Amino acid sequence: MTLQWTAVAFFLYGEIVVNLILCLPFISARRWRLVFSWRIWSWLSPYWNKCFFTMIMVLIVLFLDALREVQKYSGPESMKDATVSPNLFDHIHMKLFRAQRNLYISGFSLFLWLIMHRVVNLLNEVAVSLENEVTVQAQMDDAVKAAEQHQETNLTLKQTFLEKEKCASTTKQQLKLEVEKLAGQLKAAEDDVRKSHAEVVAMQRQAKGLALEYDRLLREHHKLQNLQSTEDKKDQ
């Protein structure tokens, strides 16, 4: 195995180990997000996309080269040459085996490289979704608490309004009773005033009658005095 295919094989083994570790069920997405938030990843992030696409291009080139080798050693011309000598037949089959091995190694490396990239992105998305879910849950709890507080406030205000309305109704009834009582007292006072006025008018009439009677008696008294004085003068 040449140096390049040895490196691709070790790269494949590393991808398998990393993918298995990423798929471990007891490591949550939040922990992976904490791992991905280390400073070293932020330092490598500007180069990550370039490295990712560079590895894709390299693996595609190696895959196409291995595919070319497979087609080269599995063609009819190679098999025709292999029938000439048994050693050449074994050599061509060995080359074909190596080409197929390299094809599988490069193909699986490319496939796992894409899978690993997708798994990392999904883990980040799941962690962000969980964080957003926690935030949304906290906001929902706050909203529910606020709604409950508003509901309690509304109930308190409603009870206060009902109590005030009840007090106002009671006060209104009391005021109505007071008004009716005062109206009755006012009516009684008006009746008393009318009676007093009638009595005053009657007394005025009586006083006027007495004054006229007094004047009449006074005139009669003067007349009698005049008559008596006239008779006394005659007797003298």
Side-chain angles (χ1 to χ4, degrees), residues 25-39 41-43 45-46 49 118-236:
F26 56 85
I27 302 178
S28 63
R30 293 180 181 176
R31 293 183 180 178
W32 281 120
R33 184 168 176 78
L34 292 175
V35 173
F36 297 149
S37 63
W38 289 351
R39 185 175 298 178
W41 302 118
S42 61
W43 181 73
S45 59
N49 289 329
R118 184 58 178 167
V119 168
V120 171
N121 290 333
L122 288 176
L123 287 174
N124 281 323
E125 291 177 2
V126 170
V128 172
S129 300
L130 291 174
E131 292 178 358
N132 293 332
E133 182 181 358
V134 172
T135 304
V136 170
Q137 186 66 33
Q139 292 177 355
M140 289 180 61
D141 293 338
D142 294 337
V144 170
K145 290 180 181 179
E148 291 178 352
Q149 291 178 356
H150 286 303
Q151 187 176 4
E152 291 177 357
T153 305
N154 290 332
L155 290 175
T156 304
L157 291 175
K158 187 175 181 180
Q159 291 177 357
T160 305
F161 177 75
L162 291 175
E163 291 177 357
K164 288 184 178 180
E165 187 177 1
K166 186 177 180 180
C167 294
S169 178
T170 305
T171 306
K172 185 177 180 180
Q173 291 178 358
Q174 292 177 355
L175 290 174
K176 187 176 180 180
L177 293 175
E178 290 290 335
V179 168
E180 291 177 355
K181 183 178 179 181
L182 291 174
Q185 293 178 357
L186 180 61
K187 186 176 181 181
E190 289 178 353
D191 293 337
D192 292 339
V193 168
R194 282 196 294 270
K195 288 179 182 179
S196 299
H197 183 68
E199 290 176 357
V200 169
V201 171
M203 291 177 67
Q204 287 178 352
R205 289 178 180 176
Q206 187 178 1
K208 187 176 181 181
L210 290 174
L212 292 174
E213 185 67 22
Y214 178 75
D215 291 337
R216 187 182 65 77
L217 292 174
L218 185 60
R219 284 195 298 272
E220 289 179 358
H221 179 66
H222 284 300
K223 288 181 180 179
L224 289 175
Q225 284 183 351
N226 291 330
L227 290 173
Q228 188 176 0
S229 59
T230 303
E231 287 179 0
D232 290 338
K233 286 181 180 179
K234 288 182 180 181
D235 291 336
Q236 291 179 358

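The first residue of the sequence shown is numbered 1, and numbering continues consecutively from there. Values reported hereafter were calculated over all heavy atoms of this structure, with side chains retained and with hydrogens, waters and symmetry mates removed. None of these values were measured; they are calculated from a predicted model.
With values rounded to the nearest 0.5 angstrom, L123 atom CG is found 11.0 Å from R118 atom CZ. In this structure, K158 NZ and L162 CG are separated by 6.5 Å, a value rounded to the nearest 0.5 Å. Rounding to the nearest 0.5 Å gives a distance of 12.0 Å between CD of Q159 and NZ of K166. Atom CD of E178 and atom CD of Q174 lie 8.0 Å apart (nearest 0.5 Å). One finds the NZ atom of K172 at 12.5 Å from the CG atom of L177 (value rounded to the nearest 0.5 Å). Between atom OG1 of residue T170 and atom CD of residue Q173 there is a gap of 6.0 Å, rounded to the nearest 0.5 Å.
No more than 12 heavy atoms of other residues, nucleotides or ligands sit less than 6.0 Å from atom CD of Q151.
Checking side-chain atoms of S169 against main-chain N and O of E165 turns up no donor-acceptor pair under 3.5 Å.
Under the 4.5 Å side-chain criterion, counting only non-hydrogen atoms from C-beta, E125 is not in contact with V128. Side-chain contact between R219 and R216 is present, with heavy atoms from C-beta onward closer than 4.5 Å.
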